[in-house]
Amino acid sequence: MELKNVIEQRKTIKVFNPHVSIERQVLEEMLMLAQLAPSKANLQPWRFVVVDDTVQKNKLLGSVAFNAPPCETASAVILVLADLQYQLLLDDILECSIETGCLHPQFKQRSLDFLLSVHNASSEQDIRDQVITDTSLAAMQLMLIAKDKGYDTHAIGVFDCSAVLAALEVDADRYLPVMLLAIGKAATAALPSSRLSLDYTVSWNNGKGFKK
């Protein structure tokens, strides 16, 4: 599918076909592609808890407000997390860069020292903002990849974060929930949606050109 068509056809689905499953190999391929999203200093703070077990999925239904139907019928529900302690993986990230030829081994320590110094100089809010930005980019990329492969999604932002983290045994001190992403095959047509014209959303060369 052409990218333009993928973007235009990606819509929020309210109910999925409960009889459709997605093989883990397919989910892994989509997640690998999603991880090619941009990331500041290649810190890769996104984390995904993929829930494809019915019992585990049912644990979430009482914590997602009015979003129970897409969660219950989805082939999988993915809890998208941002790692507030991404610095713990810096050594692994740099080793991976060396193994793939992206970084010469002699520059590893210098890179590690630099990244740690930037992290240590950042406020909690700075870290929070950055990991949410990077993780959101990966989540959006995942939604487009899913559509390209013939699946549909529903990004869920309204849910009881504490309850979902507890149900899935996620460390609430380290991981910040960004969204739940239900994925599967649509059982009903997507509701139409509209967007404001560029007059409202784009201003050229300064911030004075917005319509309102």
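Numbers here are sequence positions counted from 1.
Within the 4.5 Å cutoff, the side chain of Lys185 has no heavy atoms near those of the His19 side chain. By the 4.5 Å heavy-atom criterion applied to side chains, His154 and Phe16 are counted as neighbours. Put simply, the side chain of Val50 reaches to within 4.5 Å of the side chain of Leu31, judged on heavy atoms. Between Gln87 and Leu115, every side-chain heavy-atom pair lies at or beyond the 4.5 Å cut-off. Taking 4.5 Å as the limit, some side-chain heavy atom of Leu181 sits within range of a side-chain heavy atom of Met143. Contact annotation: the side chain of Lys57 never approaches that of Glu72 to less than 4.5 Å [non-hydrogen atoms, C-beta and beyond]. When side chains are defined from C-beta on, Glu23 does not count as touching Glu28, because their heavy atoms never get closer than 4.5 Å. Within the 4.5 Å cutoff, no side-chain heavy atoms of Gln141 are placed close to those of Leu33.
Side-chain rings of His119 and Tyr86 approach one another, their centers coming within less than 6.0 Å.
Of all heavy-atom pairs between Arg195 and Arg10, the closest is NH2-NH2, 4.3 Å. For the pair Pro45 and Ser39, the tightest heavy-atom approach, listed with the atom from each and the gap, is CD-OG, 3.8 Å. Shown here for Ala182 and Pro70, the closest heavy-atom pair between the two residues is CB-O, 3.8 Å. Between Tyr200 and Phe210, the shortest heavy-atom distance links the atoms O-CD2, 3.5 Å. When all heavy atoms of Asn67 and Val158 are compared, the pair lying nearest together is ND2-O, 3.4 Å.
From Leu196, atom CG reaches atom CG of Asp199 across 10.0 Å, with rounding to the nearest 0.5 Å. Here OG of Ser117 is found 9.5 Å from CG of Leu112. Values are rounded to the nearest 0.5 Å. Once rounded to the nearest 0.5 Å, the distance linking CG of Leu116 with OG of Ser111 reads 11.0 Å. Here the straight-line distance linking atom CG of Leu94 with atom CZ of Arg110 works out to 13.0 Å at 0.5 Å rounding. The CG atom of Leu43 sits 10.0 Å away from the CD1 atom of Ile127 when rounded to the nearest 0.5 Å. In this structure, the separation between CE on Met30 and CG on Leu142 is 6.5 Å, given to the nearest 0.5 Å.
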Evaluation steps, side-chain contact (heavy atoms from CB on, under 4.5 Å), between Arg128 and Gln125
CA-CA 5 Å; Arg128 181 185 176 93; Gln125 188 63 51; 4.0 Å; yes
Trace of the side-chain contact (heavy atoms from CB on, under 4.5 Å) decision for Leu137 with Trp46
CA-CA 9 Å; Leu137 289 169; Trp46 45 71; 5.8 Å; no
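We find that Glu8 and Lys4 are joined by a salt bridge, their nearest charged nitrogen and carboxylate oxygen being less than 4.0 Å apart. One finds a salt bridge joining Asp83 and Arg174 here, because a Lys/Arg side-chain nitrogen approaches an Asp/Glu carboxylate oxygen to under 4.0 Å. Salt bridge annotation for Asp152-Lys11: absent, with no cationic side-chain nitrogen under 4.0 angstrom from a carboxylate oxygen.
In the hydrophobic clustering of this structure, Met140 groups with Val178; members are Ile, Leu, Val, Met, Phe, Trp, Tyr whose side-chain heavy atoms approach within less than 4.5 Å, directly or through other members. Follow the hydrophobic side-chain contacts under 4.5 Å out from Ile22 and you reach Leu144 in the same cluster. With hydrophobic clusters built from ILVMFWY side chains whose heavy atoms lie under 4.5 angstrom apart, Ile145 shares a cluster with Phe48. Linking Ile, Leu, Val, Met, Phe, Trp and Tyr residues whenever their side-chain heavy atoms come within less than 4.5 Å leaves Ile183 and Leu61 in two separate clusters. Linking Ile, Leu, Val, Met, Phe, Trp and Tyr whenever their side-chain heavy atoms come within less than 4.5 Å leaves Ile7 and Ile13 in two separate clusters.
For Thr135 (side chain) and Ile132 (main-chain N/O), no donor-acceptor pair under 3.5 Å exists by modelled atom type. Side-chain atoms of Asn5 do not come within 3.5 Å of backbone N or O of Met1 as any donor-acceptor pair. Ser75 places no side-chain N or O within donor-acceptor distance of the main-chain N or O of Gly184, the cut-off being under 3.5 Å.
When hydrophobic residues (I, L, V, M, F, W, Y) are linked wherever their side-chain heavy atoms come within less than 4.5 Å, the members clustered with Val164 are Val49, Val51, Leu60, Val64, Val77, Leu79, Leu81, Ile156, Phe159, Leu165, Leu168, Val170, Tyr175, Leu180.
Considering only residues two or more places apart in sequence or on other chains, Gln44 meets the side chain to side chain donor-acceptor pair (under 3.5 Å) condition with Asn42.
When only modelled atom types and interatomic distance are considered, Asp126 and Gln130 share no side-chain donor-acceptor pair under 3.5 Å.
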